[in-house]
Amino acid sequence: MSVADTIARRKSSRAFLPDPVDQALLEAVVRKALQSASNSNIQPWHVYLVTGDRLERLKAATAERSTVPPAFDDRPYPVYPEPLEEPYEGRRFHCGERQYAAMGIAREDQDSRLRYVYNNHQCFGAPAAMFLYIDQHAGPSQWADLGIYLQSVMLLLTEAGIDSCAQISWNVFNKTVRKLLEVEDNLTLYCGLSIGYADPDAPVNAVVADRAPEAETLTIYRD
Ligand SMILES: Cc1cc2nc3c(=O)[nH]c(=O)nc-3n(C[C@H](O)[C@H](O)[C@H](O)COP(=O)(O)O)c2cc1C
């Protein structure tokens, strides 16, 4: 698969089959991604690959905390600016609405929406997960480097025929994740990544996220 094909084929899956992913393959992916570029080669990523018993314990611990109404941890960093201005707020809203529509969850059904969010913390059924941490003193450039590492992992997974979904949602349970993964206090959770084989019959996996009109995001000068 060419890089272009891999980029085109990667998409977020939000319902996985329970089938395990070959451990050696997973470890090879997170190792190969360490070759990602970073400013001044700082390599600010702290990567945790989790499968098996430990992941089951993490899912169980978060399931226990998945109450209605929610009892979330303070977020370790603001995910969006407050307020999130247009056009970004419109895109964020549209992204969520398409998923809820695919699941047949109405806008006013807040309980079902919350339970859908909690699927994130069961890794949408995936048998493997990666968690990305960054030093608490890191700045915007290092955070961007983490995104580069994340993209490398997602593309390598796609190339290997494995599906994934990046998940900032884990940060509402960041204390539980820290405890189960035995992460030092000086590190901040950036996001999780569910890894596995997408359920082809799950309606939510039929959602294909569109992209903004190019004129909104791309400027090309030819003069
Ligand atoms: C850093 C990051 C965090 C994300 N967090 C979540 C999340 O918590 N839950 C979720 O369902 N999708 C999450 N996504 C997936 C995005 O919604 C998805 O990438 C976007 O809608 C584009 O769709 P695509 O990945 O299928 O191309 C995240 C993506 C990124 C890159």
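As the structure lists them, so they are numbered: ligands from 1, and atoms in each ligand from 1.
Checked for salt-bridge contact, Glu159 and Arg9 miss the test: no charged N lies under 4.0 Å from a carboxylate O.
Ser152 and Gln35 form no side-chain donor-acceptor contact under 3.5 Å, judged by distance and modelled atom types alone.
Ligand 1 has no N or O atom lying under 3.5 Å from any N or O atom of Phe124, backbone or side chain. In terms of polar-atom proximity, Arg211 is counted as a contact of ligand 1, with an N or O under 3.5 Å from an N or O of the ligand.
At a heavy-atom distance under 4.0 Å, no atom of Trp170 approaches ligand 1. Only side-chain heavy atoms of Asn120 come within less than 4.0 Å of ligand 1; its backbone N, CA, C and O stay farther off. By the criterion of a heavy-atom distance under 4.0 Å, the side chain of Cys95, and not its backbone, is placed next to ligand 1.
Each of Arg92, Arg113, Arg91 was compared with Glu97 under the salt bridge (Lys or Arg N to Asp or Glu O under 4.0 Å) criterion, and only Arg113 meets it.
Atom 30 (C) of ligand 1 has Ala166 CB, 3.5 Å as its closest protein atom, hydrogens excluded (heavy atom only). Scanning the protein heavy atoms around atom 1 (C) of ligand 1, the nearest turns out to be Tyr190 OH, 3.4 Å.
Taking each of Arg14, His121, Gln99, His94 in turn, the one with a heavy atom nearest to atom 16 (C) of ligand 1 proves to be Arg14. Of the candidates Gly147, Gly192, Ser194, Ser12, it is Ser12 that places a heavy atom closest to atom 19 (O) of ligand 1.
Using a 4.0 Å cut-off to heavy atoms of Ser169, the atoms of ligand 1 that qualify are 7 (C), 8 (O), 9 (N). Within ligand 1, the atoms closer than 4.0 Å to a non-hydrogen atom of Lys11 are 26 (O), numbered from 1 in the order shown. With ligand atoms numbered from 1 in the order given, ligand 1 contributes 10 (C), 11 (O), 12 (N) to contacts under 4.0 Å with heavy atoms of Cys165. Of all the atoms in ligand 1, the ones that sit under 4.0 Å from a non-hydrogen atom of Ile168 are 3 (C), 4 (C), 5 (N), 6 (C), 7 (C), 8 (O). Atoms of ligand 1 found under 4.0 Å from any heavy atom of Ala209 (numbered from 1 in listed order, with element): 22 (C), 23 (O).
A donor-acceptor contact shorter than 3.5 Å is absent between the side chain of Asp163 and the backbone of Ile195. Under the 3.5 Å distance criterion, the side-chain polar atoms of Tyr77 are matched with a main-chain donor or acceptor of Tyr190. Side chain of Glu86 to main chain of Gly90: a donor-acceptor pair is present (N/O by atom type, distance under 3.5 Å, no hydrogens or angles). With His121 contributing its side chain and Ser169 its backbone, the two residues share a donor-acceptor pair below 3.5 Å.
Taking the six-membered ring for Trp, Tyr197 and Phe16 have ring centres at least 6.0 Å apart.
The protein reaches atom 10 (C) of ligand 1 closely, with a heavy atom under 4.0 angstrom from it.
Counting all heavy atoms, side chain and backbone alike, Thr188 lies closest to Pro76 at CG2-CB, 3.7 Å.
At a 4.0 Å cut-off, at least one heavy atom of Arg10 sits close enough to ligand 1 to count as contact.
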Exercise for review: Please test Met130 against Leu150 for side-chain contact (heavy atoms from CB on, under 4.5 Å), starting from the C-alpha separation and ending with a verdict.
Suggested key: CA-CA 10 Å; Met130 180 186 81; Leu150 176 65; 4.0 Å; yes
